[in-house]
Amino acid sequence: MFSKVYGATLTGIEAVIVQVEVDVASGLPCLELVGYLACEVKEAGKRVKVALKNSNYLLPPRRITINLSPADLKKEGTAFDLPISVAVLAAAGFLSTKQLSNIMFAGELSLDGKLNAIAGILPMICAAKRQKFTCCIVPKANMAEGAFVTGIKVLGAENLVQVINYLLGKGCLTEKLEKREGNFWLTEQEYIKPLDFCEVFGQKIAKRAIEIAVAGWHNLILFGAPGSGKSMLAKRIPTIMPQLTMKQRLELYKVYSVAGKLLKAPFFMDQRPFCAPHHTITQAAFTGGGKRPRPGEISLAVHGVLFLDELPEFSRNVLETLREPLEEKKITITRTGGKNTYPADFLFVAAMNLCPCGYYPDRSRCHCTESQIRKYLGKISKPLLDRIDLCAEVISNQYEELQDEIKENETSKSIQKRILMAHQIQRKRYQNLEILYNSQLNSTQISQFCKLREPENKFLKQAFEKFRFSTRAYHRILKVARTIADLDNKEEIEKSHLAQAIGYRITQQNNLEEEKEWIR
Amino acid sequence: MDKIRTYAWYWLACLELFSPEFLNYILKEFGSPEEIFSAKEKRLRDFFDMAQAQHRLRIRGEKRQWEERFFSSRNWKEIVQSYNNTIKRGIQFITKDDPSFPEKLKHIEETIFWLFLLGELPDKILPSIAVIGSRKCSSFGREVARNLSASLAEQKVQIISGLAEGIDGAAHMGALFAKEKTYAVLGSGIDVCYPKQHLTLYQKIYRQGGIISEYPPKSAAIAFHFPMRNRLIAGLCDGILVVEARQKSGSLITVDRGLEQGKEIYAVPGRIGDELSIGCNHLIQQGAKLVLSVDDIIEDLEEFYPKQVKIPMNFKKNQPKKIFNNNLLETEEKIVYASLSLVPKHIETICCETKMSVSQLYPILISLQFQGIIRETQRNYYMLNERL
């Protein structure tokens, strides 16, 4: 007898539907698996055999051949246990094959027949929906992910017997799961009392820089002494970002699903991610990879913030891998197993000190030599700095600021309001283009959308000569000025917008650079 | 005859073995450098033994080794060749017997016998001031050093310093900015730029002033060279201006040497308890002249160099020389201007003090920069651009 059941396997953050074909024929009793399988899929045969036995289904002593098609696609993961066992039972005559053509199965089996959760359920359900399947049967522990997709029935089962009974019409499976409150990135306490910008005193420069960064999706670097509040500011960036759109949310969930991060805390994420990997991170963990590729930190930060504290401490090869994702908004990892593309559309925020001890330019505390400082700053390569539009210092608060400004501090909500407006303006302006934000403008688009009036033009020319901008710096200033104008809800870029953009531009921190001007 | 003596001096300079103290001693015994060169090996060996027994000769390393080096270096042909090579590279070698040897250097206790020189020596007719201070200086110190040096240089005062990081470099830059001459005294070989990042500065000083060193070409910058260099700095100048010095600073060695030689000491005051100014404040307490503006130095120099140094007629002492009219500024600009000083201030602090928003503040700061009234010393740190 022959039967056909559908499962799925992952490629990147997408899934491909796989046919599981089983033939039971006369011959020497054995169970054979074919179809370009990874090790864990080959082992599925043994798991299935025992699990079936322990669920009281005795396999006939015949030759069972299992093929996973398309046969040229590498199949990985443990999601095939369930479809294989269902297909075997169908081929052995326990089930009718008719009803199986509309259902996608996924799940890992224990030897006692229990269904275990697997990574990457969400993309599989999405693929099933695209292929017009009407129903998915998945482990109950994975149901939270499935519940996100509408238009397809997702059923959760605890063990193999439940699945068989359901297929025989003898029982039913869990259809709905209670929506759990909470947030994936935050601790429980933080969720109850969320972070807010009003908790940060002073730091007007840095706060404004962050606001501009989020409004135009500009990458940002924060300089400052230890303890001045760089991390504190960065952690609050997601609180002023707009809500995720449905499409973004789905992409985000898929990444987390594939990374297996949704298993332990199957929360619904309503806030954008904030990823702050430690500086000892390896390249594979950062960009994604491994023998069986998984998304790395830069993909886990998709549509959120990737925050690299102590930027110069990161190893050089880790930082240099950022170049492609910052341009392309995705990362492609090629391994022997194939090529995987993960999204990497994040807001890049970095923080660093100005010298190894951290206190420069406060020379009464900093004893670093000029060459040490130069070396420290030199660790960040020029190509990486070229991809950062904004830069701001975080300086230690003055006592008065800590005292009297408690009421004046702006809340995240009101900052977010301005940002939402700026985003709306940009969306409207770029509706016919492929870009969303000012930071994505190329040089021809800059001259189209960042036109200056006569007095502003004169002002920028004067600044251009006085501060000796490079062409790249000039373009960056225009882009940032455009964002600031959008935040102020102004059609035209004004002098004050340009002045702020100039103030936030990236400059070589080195004061020796400036000294060269003296003797030029 | 003279040529031979020069070669012999050159030989001793390149040996880098003997301290000035010992050189004086050995010269007393042998008469002249060429006689040391041609003396019998036995006599020299006996002399070295005796000197060592009297603790007059202190040389690092094993005696056998350096004696070996000493005797094997007595090769006339090689010395002449090496001397000619050095001259060909544009390096001058001046001994105390030369008429061009600076008069000021002849009376120093630890005798200076020779100088290597790139460019020129300080002009005898013009006054010269040594501007020295900490290598790890604050931006305030850097600004003050640059500022004072530029103003001094504009009054035809030659600036002498040590090409080191921090204050020294800033002092040279100030003089170069004023398009006047400046002189760098090195603690390394004359053709070794230390620290490396001052290479542009080094080349500039070579063309606009001079590089001076006691050490032969290719000699490395070794720690014990620097106290010796400091006595040379002290010797070449008329007065020493200390801008920023910690409690135990190399600049204070220069000051001590200067005092021995009867030079005037000037110091820029700092705040009490400011680590970088402890040295300076101490100097003031001990009688160094407190410098508020360049006039404090000029008025002293005027006594000795009445023809060269002139204080402008309509000057009020210690008034900052405003290069613009305060009344031309707009109200908001005035507020920002009032909150700034010679100590660089971060925009965040200005924000806090003036109660203005960032978006208001940036255009004002940039406009003030366009007018040349303020300067951005570092990213978002601003200070007044006034001449002291």
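Reminder, nothing fancy here: chain letters follow the sequence lines and each chain counts from 1.
To the nearest 0.5 angstrom, B:Y362 atom OH is 5.0 Å from A:Y504 atom OH. Rounding to the nearest 0.5 Å places CD of B:Q369 at 6.0 Å from NZ of A:K466. Taking CD of B:Q360 as the start and OG of A:S496 as the end, the distance is 9.0 Å to the nearest 0.5 Å. Rounding to the nearest 0.5 Å places CG of B:L365 at 11.5 Å from CD of A:Q500.
Residues B:S357 and A:R208 fail the side-chain proximity criterion, which asks for heavy atoms closer than 4.5 Å. Residues A:E393 and B:R379 form a side-chain contact, since some pair of their non-hydrogen atoms from C-beta on lies under 4.5 Å apart.
Dense packing is recorded around NZ of A:K479, with more than 12 heavy atoms of other residues, nucleotides or ligands lying under 6.0 Å away. The 12-atom threshold is not exceeded at OH of B:Y194, counting heavy atoms of other residues, nucleotides or ligands nearer than 6.0 Å. Summarising the local packing, CD of A:E465 is surrounded by more than 12 heavy atoms from other residues, nucleotides or ligands at distances under 6.0 Å. Crowding of A:Y474 atom OH: a count of heavy atoms from other residues, nucleotides or ligands under 6.0 Å not exceeding 12. At most 12 non-hydrogen atoms from other residues, nucleotides or ligands lie less than 6.0 angstrom from NZ of A:K413. Atom NZ of A:K495 has 12 or fewer heavy atoms from other residues, nucleotides or ligands within 6.0 Å. For CZ of A:R472, the number of neighbouring non-hydrogen atoms (other residues, nucleotides, ligands) closer than 6.0 Å is 12 at most. Applying the 6.0 Å contact sphere to CD of B:Q247 captures no more than 12 heavy atoms from other residues, nucleotides or ligands.
For B:Y381, the part lying near chain A is the side chain, with the backbone staying farther off; criterion is any non-hydrogen pair under 4.5 Å. Contact annotation for B:E244: neither backbone nor side-chain heavy atoms come within less than 4.5 Å of a heavy atom of chain A. Looking at A:A463, the atoms closer than 4.5 Å to chain B (heavy atoms on both sides) sit in the backbone and in the side chain alike.
Contacts with chain A were tallied for B:S359, B:S134, B:S367, B:C351; B:S359 has the most, counting heavy-atom pairs under 4.5 Å. In terms of heavy-atom pairs under 4.5 Å with chain A, the best-connected choice from B:L361, B:L276, B:N380 is B:N380. Most heavy-atom pairs under 4.5 Å with chain A, from the set B:R135, B:R246, B:K196: that is B:R246. No other option in B:P344, B:S138, B:P195, B:C137 has as many heavy-atom pairs under 4.5 Å with chain A as B:C137.
Without hydrogens or angle criteria, B:E348 side chain to A:G202 main chain gives no donor-acceptor distance under 3.5 Å.
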